[in-house]
Every structure is written in structure tokens, then in C-alpha cells.
Amino acid sequence: MSSLDRYNVQAVEKKWQTVWNEERLYEAHAASRKKFYCLEQFPYPSGHLHMGHVRVYTLGDVIARYRRMAGYNVLHPMGWDAFGMPAENAAIKSGIPPRTSTMANIDYMKTQMKQMGLSFDWSREVTTSEPEYYRFTQELFLLFYDRQLAYRKEGAVNWCPSCETVLANEQVEDGLCWRCDSVVVKKDLTQWYLRITDYAERLLSSLDSLDWPQEIKTQQFNWIGKSVGAEIIFDVPQIDQRISVFTTRPDTLYGASYIVLAPEHPLVEPLIASYVHRDEVRRFIAAERVHSDIERTAENTEKRGIFTGSYAVHPLTKERLPIWIANYVLVDYGTGAVMGVPAHDLRDFSYAHKYQLPIKIVVSPENPDADFGHSAYTGPGFLIESGPFTGMDNETAKEAIAKALQAEGKGGPRISYRMRDWLISRQRYWGAPIPIIHCPHCGAVPVPKDQLPVLLPENVEFTGQGASPLAGAKDWLETSCPQCHHPAYRETDTMDTFVDSSWYYYRFTSPHADEPFVKTDVDYWMPVDEYVGGKEHAVLHLLYSRFFTKVLYDAKLTPVDEPFKRLLAQGMVVYHGQKMSKSKGNTLSPENIMKERGADAMRVFMLFAAPPDKDFEWSQEGVEGAYRFLQRVYRLVVKPHSGPLSEDARVRIYKAVHRATRKVTEDIRERRAFNTAISALMELTNALYQDIDAINKEEQTQILGVLTRLLAPFAPHLAEELWHQLGHEESVHTAEWPQYEEKWLEDDEVTIALQINGKVRSRLTVPKDIRPDQLRELTLAEEKIQVLTQGRTILKVISVPGSLVNVVVR
RNA sequence: GCCGGGAUGGCGGAAUAGGCAGACGCAGAGGACUUAAAAUCCUCCGGGCAGGGAUGCUCGUACCGGUUCGAGUCCGGUUCCCGGCACCA
């Protein structure tokens, strides 16, 4: 085979990358036409692209390239989520300042992205660790602060001893740090929070409107964890206080036989102050607090508790209920206290059983053989021994009792959420400083907007021990109060990097503006039409970004209250049956693959191997297959074809071309099924191999031009090369996306499957618009059908035009 | 335990609205070209049974049952795998 039969992948890819770069082909321009905002989650600049990155960016690139050709003004930007611990840890180890290593990593990864042929608008690149960006992260913090959505509070927080910083609830997975898998411990600290719980209901209710995978929506739904119930107040006359509990089962109130507080509950100390066994109680609490969250919340953990010596008054029966403290009550959910209803709650049952507390049945099941001796009955039923509510079905009673309590001033209907406020303080250097000054006279004072950014000091020591390096930067730390001008000191915590990434998609709309973003740009570009990213951010980045957008919406800074209209959550790339990771030693370098078979082959295989949302196994043979396909297309297009003309072949070609055009268009646009789009291109290529030399030269060029354009989103380099070889001057990526015509999609004749009792027995080719009764007649007259129906009774004939006929016989 | 997603040839997967299961590719087999190999091009490729053969019959989409003229697809139940939540009151 001559060299004409194969193209030099490396040379071709390099050539067009240079041209695209010089022509700035992918920059988005003024707000003119219909827009399309295509975004992929920006990476942390770790230094190298891994296969996960290759997958996300390839997926997004196909969508962006298609929309561009389809006539949209496409915004397809890229940037760097550049703050974060790895750079700081590297600084501790090697002494290289975080900014230096970060910038070097960005540089390298950008080169790799260009090698992949990704169509990013690099003129809009943002880096969250640069002052031009984080000054606005700080400005947005102040916006939250002004709206009372940022606050400081002391409490037991999640602390990762290895990362030496606190973590948000969303960043603790099974009691372990999401980054380093260390066991997270509790620590009492004063920290900054964003009031995401204020938005719980809205974050929940607008989930429905999102074109997102159910999987992700469900995760957010569960995370927010709405519970509808009631608050019930129990008076404690002994100390003249009230204990408030939250319950989803107010209907079981008459079955309450005790009250339990979390060991950390603020009323514990006053309650036991004059109790003879108070020291014993204190020892119990101290012992419980030592346990980590994992131990404490594990299902099989033994329930342990202790009596406080005090009693509370049942709000309706005025009965005296003993108050206990127990490990199974969590201080930060609901009110940190519960009423114990052993007969109708499994946890209370096992607790009451252990400590021999009374078990009082107040809900009777419809079918009364439930065994109360061994477990709690949690199902539906009607109330017994419940005062005026006796006889009510328990669902009605929930509401009735909540209302009665409200009338008495003893509580009422309440809703509780599992989600907690977002803890954003981090005791680390490499993040956006929280723009707050602590003044001995004025307290916490926000840094005035015109004094932003609060720059990270450059000469700091990275010891890797104790507090944030910022606390040691004396010159930076000491300042004056913006209000009273007395000496004051700066907040030394920096912000969680998820704050940076909660608004970057706004910055891309006006990346050089002297404000976080420009209203007119945001009005034009938002929302993001297609967002591509990993499932691991389901309750992290994706939830935080939704929250940010709702706050910005309330501040009238954005016209949308949801940032990402459509979400494509891509699956993992698996190798040798496992998720790729350095520790498992099963990583693959995209660079080597590109060197050997080219970016186009890597992209095509990645897209072809599986639908975007599924995990798939990387296979070298698969890349070879993609490479063979691309070379096959090349040969088809550049090899001169000629032969005797055939009208039949010509019709077959046009049908194949228009069918493929429709398939590829719909698969990209609606279904995001790039695997089947590529298989359609393979089919078209195969079809053209059969017939291409039977049409004239001009038609060949035109047909091959369609194939080339359909290929362009997937294999941009080869498509560009072929497009030029076909005689075009302009880029294929700004060429017009092919249209398909209905007339080529329909055949004059169709093959009908002839079934007997649902089994295909024969086939028949008939005119497309044959009448059902004619079709029926032809079917019954058909030879095979005749033979097989002979001597049997025809019960029914179902005739589906264009598809099949089913003869039902007995 | 609760919620969500899934199970189709040797493998990845296709079947878009209940209508011909297995598109396309990988691996494999055979053939053409070649001194030969590679590359390329062509053909075959779920199981069983029958036939010399074209072919025909039959089973088959995790399992059991149902609805329907017709089920990979819908309904009820079961098993297994993946993900989330979980002493959340």
C-alpha cells in the first residue's frame, strides 16, 4: 500500500492545531445570534490530564462543535479550579511556592488540551487562584454577608487531622475525608458558614424542572432530606425551661414515655446541676463525646444512655416523663432532643427495652396480630388510648395533634431538613482569604469592597504544622479596623475551593470585567445549556452552584434561578476492571495514546465505546479499531474513484447519506448518544465503499463533503484535513451542518414482516403507502402463509403499515 | 433498612413510541492480494436440532408469573451488581 493510502496522524493533527490557534477559530463573539453555552467542569491543575478529563472534555467538545456548525453562537470556555491543597502540600514538601507550581501545571495541561483538539475559547480562560478572579470571590462573599447569608458560629465541626483543616458535611464520606480518607474527628471551633439551609425548600422544589439524570436529582433530594412533622414542647418546671423535640410522628404523642437529649444538648448541664448523680452523668457525656461520628452513628452501635434525674411534662396529658441523655440522639439534627415512643419507633423500642422504660401502644394496626412484644409497630392504623384523638386514623391524627399543640402554644407543624449549613472556612493558605477584619471593638467587620482583593501574602512559611500559614504572616495579619481604625487583625481562614467553583460559569460570560460579571453578558449567555461533568459532584459542586445561583437571582444579578439547564453526568473510565488511580498503578497516559494513534482516534474510541453516562473499560484494541476506521475514511475520501455510473447506486448513496445525517444530528442534539452516532458514520462509510464509484465526480465531492462534516465534531483534525483536500478554503468547523431531506428518508417500497401468532414466518416487499386491507390480502395470499395457515382458523389479522402483519390462528 | 440506577452473544454495546433481538465495533474463523508477512479488501460469526446444501425448525434479552395479536421494552414478585442516604427522630 502506498503512502497515499494512509495519513500521517501526528503531522495532520499538529498542522491544524497550529492553524486553529492562529486563527482563534473558537472564540465566542458579541451577543448576536441564538446562543449556546456549553461547559465542562473545569479541572484542578494537577499537572497532567487523566483519562477522566479526556472523557469529559471530549464529550463537551462534540456538543460545542456540533452547535457551532449548526449556526449557534457558542460559548465553550475553559479555566482552572486552581486553589487547593495539593499545591500547598507540594510547597510544604519541596518549598516551591503554590502559585509557581500551579502556573506550571496549568501551562502543561493547556498544551495537552490543545493536543486533544478541544475547541475552547482561550481568550476567556480564568484561574481561580489569581487575584483578578478571587477578588470577586471575596466580593461575592460580601454579598452573602450583606444578605445575612454568611455568618460565624461556634460548634463541633468536622476536622481532618491529615489535611489540618475543617470540612463541610458534604465533604465527609462515611466518616472519612473526601480527599485523603483520614478519619474525620469533631472539634469545637468558630467557623464561617453560608446559610444554604435557607434555600433548602427551593433547592428541593426546583429539582423537578431540571433536565438532569434522575440519579443525580435523587442524590440531591436525599441529601437535602426533607421531613414533615411537628415540634412538640415539653415543659420542665424544675428548672423553668422547655425542651423542644422534633418528630415525624406527632400521632404517637400519647405513646411517649420518656424524653431523650443529645449529650451535647445545651439544657443538659442546667438539668443535672442539682442532681445527686451529676458527676456520673458528666462522666457518661465525656465518654460518649470521645467516639467519632463513624462509631456513634453506625447502625449496630449499642444504644447507651443515662437518666438525668429530671422530668418533663407531657403537653397534653400532663404526665411526668423522665428525661434521659443518650448517644443515639444527634445534637445537630432537628432540635437535638426526641420524645421516646417505644411502641412505634424501632430505636426507641430497643432503648426502652434495655432500660426498662414503659412501652405504651397508641396505634393499632388494621390487622391486629402485630407482635408488640418483640418490636415496634411503625405502620398505619387507628389511635387508641389517645384522649380526644382515640379512634382517628393515624395520618389524620398527625395533623390534628400538631394543630392542637399549636393552639396550646406547645409547638405545631414543622419541617426539618437533613442538610446543614455550608461550612466554608479552611485553615489553609492556598485559597481565597475571607475578607473580614476582626476588631477588638467592632467585632467581625467586612473589608470594604473598594479595598479588595485581600491579597494572599507571598512570603509565608509552609511548615505543615498547626494553623494556617496566614496566621504567621505578621505584616499581613495586622491591619486596622475599617470602622474605628484601631489596630485589628485579619481573618486567617481561607474559603473552601467549592466557593470558587460555585460561580466560575458566570465569570466566563465576562472574564475581563471590573466586576464579578456583567449583567448584559449574563442575561445573554446564562443558563449553561449543556453542562458536562462527573457524578462525584452530585451533592458538592452541583448543589453549591445551584445555591449560589439562587442567591444571585434574589440579588437580581442573574435572570436564571438554575445555572445548568441540562446536565450530562459522564461515567468513569475503567482499566483492567478498576477505576484508574495512581495507587492501583493502572493509569494510562493520554499522551502516549495520542502519540501512537492520534487525538482523533482516542476521541472516537472514547465516544464509541459506551454511552456517555456509563462506565466503560478502556481497550487498546478499541483504539486500534477507531484508528482503522479513520484511516478507512481517509482512503475513501482521497482515493480517486471512478467506474460505470449507476442510478440505483446513486439512490442508495443518497438514502444512506440522508439517513446518517438524521441519525448523527439527532444523536448529538437530543440523545447525546455519541456511540450510535459514530456507528451511523461507520455504516455510512461502509455504504459509500460499496457504491461511491458509481456516481459522477461532482456528486462524489459533495457526498464526501457531507461525510466529512458529520465527522467533524468527533475527529476534528481528520475532518479539517479532508475538507481542505475536497477543495474548501474555510474551516470545516465553521461550515454549515448538513441538512437531511425527508424525501430520501422514505422508501417507495418497504419490507413487511409476516407473522403467524407473533412469529416471523415470511417477508413481503410492498409499496410504502399500501392500504391495510390490500396488505392483509397480499399476506393471506402469500405462499408460505398459505401453507402454514392451511386447515387452521384465522381469528384475527393485525396489520401495522410499514412494519408487519400478524395473522392470529388457532 | 430506605431511595435511585442496572443485568442483552466470547467482549463493548444497538434496538429512540409495545412491532423483524443482537446494528456498529472488538476478538475469532475463512477467502482474495502478496514470494512471504503486515496492511488492505471480501465473507462468516448467540445456542440446539434437522439437512449434502441453500435453508428450515426451535430455544434465547438475570429468574418466576401476568397483560397483549405481539414484551428486551409495560405490570406484579424474586435474585444479583453498582451508586446514594442511614440511630436523621
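Here is how names work: the chains are called A, B, and so on, in the same order as the sequence lines, proteins then strands, and each is numbered from 1.
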Give me the distances for all protein-to-nucleotides 83-85 of chain B N/O pairs that come in under 3.5 Å?
residue, atom, partner, partner atom, Å
C85(B), O3', R418(A), NH1, 2.9

N/O contacts under 3.5 Å, protein versus nucleotides 27-29 of chain B?
residue, atom, partner, partner atom, Å
A27(B), OP2, R628(A), NH2, 3.3

Atom pairs, protein N/O to nucleotides 66-76 of chain B N/O, distance under 3.5 Å:
residue, atom, partner, partner atom, Å
C69(B), OP1, K796(A), NZ, 3.1
C69(B), O2', N806(A), ND2, 3.2
C69(B), O2, N806(A), ND2, 2.6

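Proximity of N686(A) to the phosphate of G25(B): a side-chain N or O atom is located under 4.0 Å from OP1 or OP2. The shortest distance between the side-chain N/O atoms of R304(A) and the OP1/OP2 oxygens of C87(B) is not below 4.0 Å. Checking the phosphate oxygens (OP1, OP2) of C41(B), a side-chain nitrogen or oxygen of R632(A) falls inside 4.0 Å.
Within 4.0 Å of G225(A), counting heavy atoms only, lies no atom of the nucleic acid at all.
In this structure Y627(A) satisfies the side chain to side chain donor-acceptor pair (under 3.5 Å) test together with Q631(A), sequence neighbours excluded. The side chain to side chain donor-acceptor pair (under 3.5 Å) search around D615(A) returns none, not counting sequence neighbours. By the ring pair (Phe, Tyr, Trp, His ring centres under 6.0 Å) test, H314(A) is found to be paired with Y254(A), residues two or more places apart in sequence or in another chain being considered. The ring pair (Phe, Tyr, Trp, His ring centres under 6.0 Å) check on F498(A) picks up W178(A), H537(A), Y544(A), with sequence neighbours excluded. When the ring pair (Phe, Tyr, Trp, His ring centres under 6.0 Å) test is applied to F221(A), no partner is found at least two apart in sequence or on another chain.
Under the 3.5 Å distance criterion, with hydrogens and angles disregarded, no donor-acceptor pair is assigned to the side chains of Y351(A) and N327(A).
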Protein-proximity profile, nucleotides 6-14 of chain B, B/S/- by nucleotide at the 4.0 Å heavy-atom cutoff, equals ------BSS
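Using atom C1' as the reference point in both G60(B) and G1(B), the two lie 37 Å apart (nearest Å). Separation of the P atoms belonging to C69(B) and C80(B) is 35 Å when rounded to the nearest angstrom.
Sequence neighbours left out, the pairs with a member in residues 657-667 of chain A that pass salt bridge (Lys or Arg N to Asp or Glu O under 4.0 Å) are K663(A)-D667(A), D667(A)-R671(A). Residue pairs meeting the salt bridge (Lys or Arg N to Asp or Glu O under 4.0 Å) criterion with at least one partner in residues 793-802 of chain A, sequence neighbours excluded, do not occur; the list is empty.
Glycosidic conformation, G9(B): syn, with the torsion inside 90° of 0.
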Dot-bracket for RNA chain B, 5' to 3', Watson-Crick and G-U pairs with both distances under 3.5 Å, [ ] for crossing pairs, | for partner on another strand, reads (((((((..(((......[....))).(((((.......))))).(((((....)))))..(((((..]....))))))))))))....
